[in-house]
There are 2 protein chains.
Amino acid sequence: MTTTTGQEIADALGTLLRRTTRARLYAHLTEGLGEALDELTYPVLSGLTRTGPCSAADLGRAVELDRTTVTRRADRLERAGLLRREPDPADGRATLLAVTDEGRELIQVTRQRLAARIERSLDAWPGTDAEVFARCLRRFVDEGPFADDGADAGQG
Amino acid sequence: MTTTTGQEIADALGTLLRRTTRARLYAHLTEGLGEALDELTYPVLSGLTRTGPCSAADLGRAVELDRTTVTRRADRLERAGLLRREPDPADGRATLLAVTDEGRELIQVTRQRLAARIERSLDAWPGTDAEVFARCLRRFVDEGPFADDGADAGQG
DNA sequence: AGTTTAGCGTGCGCGACGCACGCTTTTGCT
DNA sequence: AGCAAAAGCGTGCGTCGCGCACGCTAAACT
């Protein structure tokens, strides 16, 4: 592969990782869905939808957030009725976080919005470019330059 | 295009936009290059390398940061000798920010590290997938679901 | 039975951010 | 020419999110 390919990706990544990019996207996705659902709380609720009911610590591990951060964000979601706390019947210490029906609905709306935005921007792409891109992006994110393990860059 | 394609991209985006993802990447890139260069200051210095000498306000517009935020981050970079402030000869009010030689060198190192990480992870990709992916990512970031203008999602 | 570990919520300090202020210089209008 | 409005800068200050450390309760282990 050519060096320019790396540079091209690096550039795109730079703009993609901006705070404002994330903020803008989440603002669009959660627009009109209430104060509680925003850039910070969405990942918690969405993650919880994936994992199913679980502890704050486990959810934190799943979405790479500190346990206490999850707790605080969950407070907001609970106050808004999007998330429910219930004692773990199997463990007296634990508190299970669970998405309420209302919360699930909002997550569904948000995800549809996101999918729609993505699909709209990919509509004009020729041939199977969109599908190929999706697979490549998935792979890139999973195995890409964000890995935790070693991979000392060394830079020559 | 299929709905699953949109979902697939949405998932990847979710993990890509995590704070920890950005933090981890920048930690790798700036490792061992001094305290001053980190996740926060790097975009400023890198952006300034692109724009050439300019005011804090202009740089802020270029990298989508508040003017005062640029100023504060520039303070750190200036103290470390990676950035220089000089009065604008054409405007008595203005202060030009300019990258020093040392700063330019560090940016170059960082960019090479990033490119190397990217290229390494793309090495095993078959055929021209990497080049295609690069172009697609570029286009996706530019025209994608992050646009500022309208594009009311509507969701239904 | 007693100790160690795991889980939870919260107080607190730290750091980043952006608004608003005061100041200087330029611009533009009369 | 002269004065008002605007543009540029740095900084004080309030706000907010984060994560560590603490105290507490309950499970697990010896």
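Given the structure is predicted, the values throughout are model-derived calculations rather than measurements. Residue numbering restarts at 1 for every chain, and letters A, B, ... go by the order of the sequence lines. Hydrogens, waters and symmetry mates play no part in the numbers below; they use all other heavy atoms, side chains included.
- Applying the side-chain hydrogen bond (donor to acceptor under 3.5 Å, both in side chains) test to A:Thr68 and every residue at least two apart in sequence or in another chain returns A:Asp66.
- Partners of B:Thr30 by side-chain hydrogen bond (donor to acceptor under 3.5 Å, both in side chains), not counting sequence neighbours: none found.
- Considering only side-chain N and O atoms, B:Ser55 lies under 4.0 angstrom from the phosphate OP1 or OP2 of D:dC9.
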Dump every N/O contact between nucleotides 9-12 of chain C and the protein below 3.5 Å, one line per pair.
{"from": "C:dG9", "atom 1": "OP1", "to": "A:Arg85", "atom 2": "NE", "distance (Å)": "2.8"}
{"from": "C:dG9", "atom 1": "OP1", "to": "A:Arg85", "atom 2": "NH2", "distance (Å)": "3.4"}
{"from": "C:dG9", "atom 1": "OP2", "to": "A:Thr71", "atom 2": "OG1", "distance (Å)": "3.0"}
{"from": "C:dG9", "atom 1": "N7", "to": "A:Arg67", "atom 2": "NH1", "distance (Å)": "3.1"}
{"from": "C:dG9", "atom 1": "O6", "to": "A:Arg67", "atom 2": "NH2", "distance (Å)": "3.0"}
{"from": "C:dG11", "atom 1": "N7", "to": "A:Arg72", "atom 2": "NH2", "distance (Å)": "3.3"}
{"from": "C:dG11", "atom 1": "O6", "to": "A:Arg72", "atom 2": "NH2", "distance (Å)": "3.2"}

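- B:Asp88 places its CG atom 11 Å from the P atom of C:dT27, with the value rounded to the nearest Å.
- Among pairs with a residue in residues 79-136 of chain B, those fulfilling ring pair (Phe, Tyr, Trp, His ring centres under 6.0 Å) read A:Phe133-B:Phe133, A:Phe140-B:Phe133, B:Trp125-B:Phe133, at least two apart in sequence or across chains.
- Residues passing the side-chain hydrogen bond (donor to acceptor under 3.5 Å, both in side chains) test with A:Thr100, sequence neighbours excluded: none.
- Rounded to whole Å, atom C1' of D:dG17 lies 12 Å from atom CZ of A:Arg22.
- Listed by first then second residue, pairs satisfying ring pair (Phe, Tyr, Trp, His ring centres under 6.0 Å) with a partner in residues 38-91 of chain B read B:Tyr26-B:Tyr42, not counting sequence neighbours.
- Distance A:Asp66 CG to C:dC8 C1': 13 Å, rounded to the nearest Å.
- The nearest whole Å value for the distance from the CD atom in A:Glu35 to the P atom in D:dC16 is 12 Å.
- Taking a cutoff of 4.0 Å between a charged side-chain nitrogen and a carboxylate oxygen, A:Arg138 and B:Glu8 do not qualify as a salt bridge.
- Nearer the 5' end of DNA chain C, as judged by each residue's closest nucleotide, is the contact made by A:Cys54, out of A:Arg19 and A:Cys54.
- Between the CD atom of A:Glu64 and the C1' atom of D:dC18 there is a distance of 16 Å, given to the nearest Å.
- Taking atom CG on A:Asp58 and atom P on C:dG7, their separation rounds to 7 Å, with Å as the unit.
- For the pair B:Leu65 CG and D:dC9 P, the interatomic distance rounds to 15 Å; values are reported in whole Å.
- Note on residues 33-56 of chain A: pairs passing salt bridge (Lys or Arg N to Asp or Glu O under 4.0 Å), not counting sequence neighbours, are A:Arg22-A:Glu39, A:Asp38-A:Arg76, A:Arg50-B:Asp11.
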List every contact pair, protein side and nucleotides 26-30 of chain D side both N or O, where the distance is under 3.5 Å.
{"from": "D:dA27", "atom 1": "OP1", "to": "A:Gly92", "atom 2": "N", "distance (Å)": "2.7"}

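- Every residue meeting the side-chain hydrogen bond (donor to acceptor under 3.5 Å, both in side chains) condition with A:Ser55, not counting sequence neighbours, appears here in chain and number order: A:Asp58.
- Pairs engaging residues 47-84 of chain A under the ring pair (Phe, Tyr, Trp, His ring centres under 6.0 Å) rule: none recorded [sequence neighbours left out].
- Between the CG atom of A:Asp38 and the P atom of D:dT15 there is a distance of 19 Å, rounded to whole Å.
- Checked options B:Thr49, B:Leu37, B:Thr71, B:Leu65; the residue passing with B:Val44 is B:Leu65 (criterion: side chain to side chain contact (heavy atoms under 4.5 Å, CB included)).
- Listed by residue number, the members of residues 40-48 of chain A with any heavy atom below 4.0 angstrom from DNA chain C form an empty set.
- Within the structure, every pair that satisfies the salt bridge (Lys or Arg N to Asp or Glu O under 4.0 Å) test and touches residues 92-103 of chain A, not counting sequence neighbours, is listed here: A:Asp91-A:Arg93.
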